[in-house]
Amino acid sequence: MSTQTVPLLQTIEPDDPSAENAHKPNAASQQKQNLAASSAMASNHNDAESALPGILKQSAHPVVLLCLYFFRVSAISVYILCGLFTNNYVLSTVVVVVLLAMDFWNCRNVAGRRLVGLRFWNQIDEDGESYWVFESRDPSRPANPVDSRMFWIAIYAFPLCWLLLFVVSIVRFNLSFIPIVVLALVFNITNAVGFTYADRDAKQRWASGVAGSGWNSGIGGIGGQIMTGVVKNSIGKIFG
């Protein structure tokens, strides 16, 4: 004896009509949830749009921070997009080199001093020996957290970008632009190494109690020797 199963084509009606209404979503609550979700999405969108103004608003030196990123982004942008606007190799090279030089000077003499309280330079003594001098600010006046974070991001991120462009130039056999990328790497790496050792030197001197009040200068030991070697070797490879 065989049995045939009839498929269930309709849902079971509830015995109590109020049960059906209980399972239906409330239109008012559903509308409130939609409005809440829309407002959350709008809030996230506004936060994303106000990221840069928010950073500049929290910065203690917004103009200095803006100039730091302006020169660095401009140099890379001109290098990448110069072929779309002109075929003049000399003009493109001059513009990129000028932007790199302005960025190098601004980062070492203005941005580093104002944003993180660090500065370094090379000095030659009476015997003709060069050494690096590191200068730091009194730790009782700490740097703004936003300024410090954005400064170190710029110091370490842009050398990686130029290194990537160097690899791309080699892969594409674009040898004419390699000297520009090498010069950019020299400038950016010099600032990165210099400020890294300046920060390390400042922490060591302030921790040992050697530093006095205000700005304090110190001659870099191993860090200064490494800086001297890096700059000499890099410049020698470019112009030698």
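Residue indices begin at 1 and follow the sequence shown.
- In this structure, V181 is not a member of the same hydrophobic cluster as F173, with clusters built from ILVMFWY side-chain heavy atoms closer than 4.5 Å.
- When side chains are defined from C-beta on, N122 does not count as touching Y131, because their heavy atoms never get closer than 4.5 Å.
- With values rounded to the nearest 0.5 angstrom, R108 atom CZ is found 12.5 Å from R113 atom CZ.
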task: Could you walk me through whether D125 and E129 pass side chain to side chain contact (heavy atoms under 4.5 Å, CB included), step by step?
output: CA-CA 6 Å; D125 58 12; E129 294 293 332; 3.5 Å; yes
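- Nearest approach of L185 to P159, heavy atoms of both residues: CD2-O, 3.6 Å.
- Annotation for A111 and L68: closest pair CB-CD1, 4.1 Å, computed over non-hydrogen atoms.
- Transitive grouping of hydrophobic side chains (ILVMFWY, heavy atoms separated by less than 4.5 Å) keeps V168 and L183 in distinct clusters.
- Side-chain atoms of I80 and L165, non-hydrogen and from C-beta on, do get closer than 4.5 Å to each other.
- For an aromatic pair to be called close, the ring centres must be under 6.0 Å apart, and Y197 with F120 fails this.
- Inter-residue side-chain proximity for F195 and C107 is flagged as met; some heavy-atom pair is nearer than 4.5 Å.
- Considering only heavy atoms from C-beta on, D147 stays 4.5 Å or farther from F151 through its side chain.
- Between R137 atom CZ and R114 atom CZ the span is 9.0 Å, to the nearest 0.5 Å.
- Ring pair Y79/W162: centre-to-centre distance below 6.0 Å.
- Remark: aromatic rings of F104 and F71 are distant, center separation not under 6.0 Å.
- Taken together through direct or relayed side-chain contacts under 4.5 Å among Ile, Leu, Val, Met, Phe, Trp and Tyr, L164 and V171 form parts of separate hydrophobic clusters.
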Pair V116-D199, side chain to side chain contact (heavy atoms under 4.5 Å, CB included): steps then yes or no: CA-CA 9 Å; V116 293; D199 182 59; over 6 Å; no
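- Atom CG of L66 sits about 10.5 Å away from atom CE of M150, to the nearest 0.5 Å.
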- prompt: Between W121 and F134, does a side chain to side chain contact (heavy atoms under 4.5 Å, CB included) hold up when you go through it step by step?
  reply: CA-CA 7 Å; W121 67 89; F134 302 128; over 6 Å; no
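- S59 approaches P62 most closely through the heavy-atom pair OG-N, 3.4 Å.
- Rounding to the nearest 0.5 Å places CG of L81 at 13.0 Å from OG1 of T86.
- Tracing side-chain contacts under 4.5 Å through hydrophobic residues (I, L, V, M, F, W, Y), one reaches V110 starting from I153; they form part of the same cluster.
- Although no hydrogens or angles enter the test, the distance criterion places a donor-acceptor pair under 3.5 Å between the side chain of N109 and the main chain of W105.
- Taking CD1 of I155 as the reference point, atom OG1 of T196 lies at 7.5 Å (rounded to 0.5 Å).
- The OG1 atom of T93 sits 8.5 Å away from the CG atom of N88 when rounded to the nearest 0.5 Å.
- Partners of Y156 under the ring-ring contact (aromatic ring centres under 6.0 Å, His included) rule, at least two apart in sequence or in another chain, are W152.
- Residues S92 and V78 are not in side-chain contact: their nearest non-hydrogen atoms beyond the backbone lie 4.5 Å or more apart.
- Side-chain contact check for L65 versus I55: some heavy-atom pair is nearer than 4.5 Å.
- Linking ILVMFWY side-chain heavy atoms closer than 4.5 Å, directly or via other members, places L160 and F177 in two distinct hydrophobic clusters.
- By the 6.0 Å and 45° rule, R72 does not stack over the aromatic ring of Y69.
- Remark: the backbone N or O of N144 is not paired with any side-chain donor or acceptor of S148 at under 3.5 angstrom.
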- request: Quick one: do V96 and C82 satisfy side chain to side chain contact (heavy atoms under 4.5 Å, CB included)? Show the steps, please.
  value: CA-CA 9 Å; V96 175; C82 62; 5.9 Å; no
